[in-house]
Amino acid sequence: GPQYDFTLRTNSVDAVYHHPQTWIKGALVEGGIGIQGLFQDNIYGGLSLIPNFRAFGGGIFGFERFSLEHSDIDLSFRLDALSRTAFLYRNDYLRHQRRNTIQQNDCDYDGLEATCGHFFRGSTLSLGWLYHIVPEHLDLKVDLSSAIRFPNIDELYLIGSAPTFPVYALGNPSLPTEQTWNFTSALGWRFHWIETEISGFQSINERIFELSNI
């Protein structure tokens, strides 16, 4: 039989509402709100690689654009949460305990299988400004944004080598949410025969230690 056998079920729902365009104090306003939901179930067989897991996630977001005579302003936000439960077989659970990456009170262990739950949450924000210095020819763009990423199941629990990637990996179940802040500015010039742009970029990456066991 196969060395690895995966069954991965993913169900998702997305809904977005765009409100009617409206004028507010000389600015054309357009945007909307949305929601996203996710259910994921993973079952594997064969050689031990990653544990079975079940995950529920969701997010809510909103976005608006304000268009003025010589500039445009974009503003958006998003809130996300993820609840994930992993089911570790005895040997994998004990290996993590020997490495001291799982403490006794982190999981419910019955001697055969350990149930380990995590809850992640985070928020992101994006603010952009476009100024038409010379309409149709010279523009200044500034953008400040953040992004988050919850750790994958292999980053948390993998102990061994992946079948398609030549590396031996050791997961860490205490990994928190990763967040990045980005700042970009650009000056662009356009003409009928040439187009140029000068831009600068700054990125800050950090881990948010707000992990909680469930």
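Bear in mind that the values here come from a model prediction, so they are computed numbers and not experimental data.
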S.K.: For R190, which of D139, L138, V134 qualifies under side chain to side chain contact (heavy atoms under 4.5 Å, CB included)?
M.R.: D139
S.K.: Once you round to the nearest 0.5 Å, how far does OG of S185 lie from CG of L140?
M.R.: 7.5 Å
S.K.: Measure from the side-chain N and O atoms of N152 to the backbone N and O of E155, and report whether any donor-acceptor pair falls under 3.5 Å.
M.R.: no
S.K.: Indicate if I35 and L79 have the same hydrophobic cluster label, given that clusters are the connected sets of ILVMFWY residues with side-chain heavy-atom separations under 4.5 angstrom.
M.R.: yes
S.K.: Could you state whether V29 and L75 fall into the same hydrophobic cluster, counting links through intermediate Ile, Leu, Val, Met, Phe, Trp or Tyr residues with side-chain heavy atoms under 4.5 angstrom apart?
M.R.: yes
S.K.: Given the rule in the side chain to side chain contact (heavy atoms under 4.5 Å, CB included) test, do H137 and H132 qualify, once you have shown the distances and angles that lead to the verdict?
M.R.: CA-CA 8 Å; H137 295 293; H132 306 288; over 6 Å; no
S.K.: Go through it in stages, so that I can follow the logic: the residues are R84 and I153, the test is side chain to side chain contact (heavy atoms under 4.5 Å, CB included), and I'd like the CA-CA distance, side-chain angles, deciding distance and then a yes or no.
M.R.: CA-CA 9 Å; R84 182 191 290 140; I153 193 71; 3.6 Å; yes
S.K.: State plainly whether one hydrophobic cluster holds both I73 and I24, where clusters connect Ile, Leu, Val, Met, Phe, Trp and Tyr through side-chain heavy atoms under 4.5 angstrom apart.
M.R.: yes
S.K.: Using distance alone, with no hydrogens and no angle criterion, decide if N182 and S203 have a side-chain donor and acceptor under 3.5 Å apart.
M.R.: yes
S.K.: Supply the atom-to-atom distance W181 CH2 to I148 CD1, rounded to the nearest 0.5 angstrom.
M.R.: 11.0 Å
S.K.: What distance separates I102 CD1 from Q97 CD, expressed to the nearest 0.5 Å?
M.R.: 7.5 Å
S.K.: Which pair of non-hydrogen atoms, one from A55 and one from L82, has the smallest distance, and what is that distance?
M.R.: CB-CD1, 4.1 Å
S.K.: Look at the side-chain heavy atoms of Ile, Leu, Val, Met, Phe, Trp and Tyr, link any pair under 4.5 Å apart, and say whether F191 and L187 land in one connected group.
M.R.: yes
S.K.: At their closest point, which heavy atom of Q103 faces which heavy atom of N100, and how far apart are they?
M.R.: NE2-OD1, 3.1 Å
S.K.: Looking only at side chains, do N205 and T180 share a donor and an acceptor under 3.5 Å apart?
M.R.: yes
S.K.: Please say which of N52, L94, L112 ends up in a side chain to side chain contact (heavy atoms under 4.5 Å, CB included) with Y89.
M.R.: N52
S.K.: Just wondering, do F77 and S126 contact through their side chains at under 4.5 Å, heavy atoms?
M.R.: no
S.K.: Might you point out which heavy atoms bring Q179 and S123 nearest each other, and give the distance in Å?
M.R.: NE2-O, 3.4 Å
S.K.: To the nearest 0.5 Å, how far apart are CG in N42 and CZ in F87?
M.R.: 11.0 Å
S.K.: Are the side chains of R121 and D80 in touch, meaning some heavy atoms are under 4.5 Å apart?
M.R.: no
S.K.: For S146, run the side chain to side chain contact (heavy atoms under 4.5 Å, CB included) check against I204, L125, L127 and tell me which one passes.
M.R.: L125
S.K.: Under the side chain to side chain contact (heavy atoms under 4.5 Å, CB included) criterion, do L88 and H96 qualify, and how do the steps go?
M.R.: CA-CA 10 Å; L88 281 70; H96 275 288; 4.0 Å; yes
S.K.: Would you say that D14 contacts S12 through its side chain, given a criterion of any heavy-atom pair below 4.5 Å between the two side chains?
M.R.: yes
S.K.: Working note: F39 + R9, criterion side chain to side chain contact (heavy atoms under 4.5 Å, CB included); need CA distance, chi angles, decisive distance, verdict.
M.R.: CA-CA 8 Å; F39 168 74; R9 292 187 290 263; 5.7 Å; no
S.K.: Is it the case that the ring center of F63 lies less than 6.0 angstrom away from the ring center of H19?
M.R.: no
S.K.: With the threshold set at 4.0 Å, does a side-chain nitrogen-carboxylate oxygen contact exist between R149 and E178?
M.R.: yes
S.K.: If you draw a 6.0 Å radius around CZ in R99, do more than 12 non-hydrogen atoms from other residues or ligands fall strictly inside?
M.R.: yes
S.K.: Looking at Y109 versus Y93, is the centre-to-centre ring distance below 6.0 Å?
M.R.: yes
S.K.: A quick test of your reading: do over 12 heavy atoms of other residues, nucleotides or ligands sit less than 6.0 Å from CG of L8?
M.R.: yes
S.K.: So which atom in D41 and which in F53 form the shortest heavy-atom distance, rounded to 0.1 Å?
M.R.: OD1-O, 3.3 Å
S.K.: Rounded to the nearest 0.5 Å, what separation is found between the CD1 atom of I198 and the CH2 atom of W189?
M.R.: 11.5 Å
S.K.: For H118 and Y157, take the angle between the two ring planes, folded into 0 to 90°, and tell me which bin it lands in: parallel under 30, tilted 30 to 60, perpendicular over 60.
M.R.: tilted
S.K.: Under 4.5 Å between side-chain heavy atoms, counting indirect links through other Ile/Leu/Val/Met/Phe/Trp/Tyr residues: same cluster for L130 and L68 or not?
M.R.: no
S.K.: Measure up the Y131 and W129 rings against each other and bin them: parallel (under 30°), tilted (30 to 60°), perpendicular (over 60°).
M.R.: parallel
S.K.: Output the distance between atom OG1 (T85) and atom CZ (R54), rounded to the nearest 0.5 Å.
M.R.: 7.5 Å
S.K.: So, D72 versus S67: side-chain donor-acceptor pair below 3.5 Å or not?
M.R.: yes
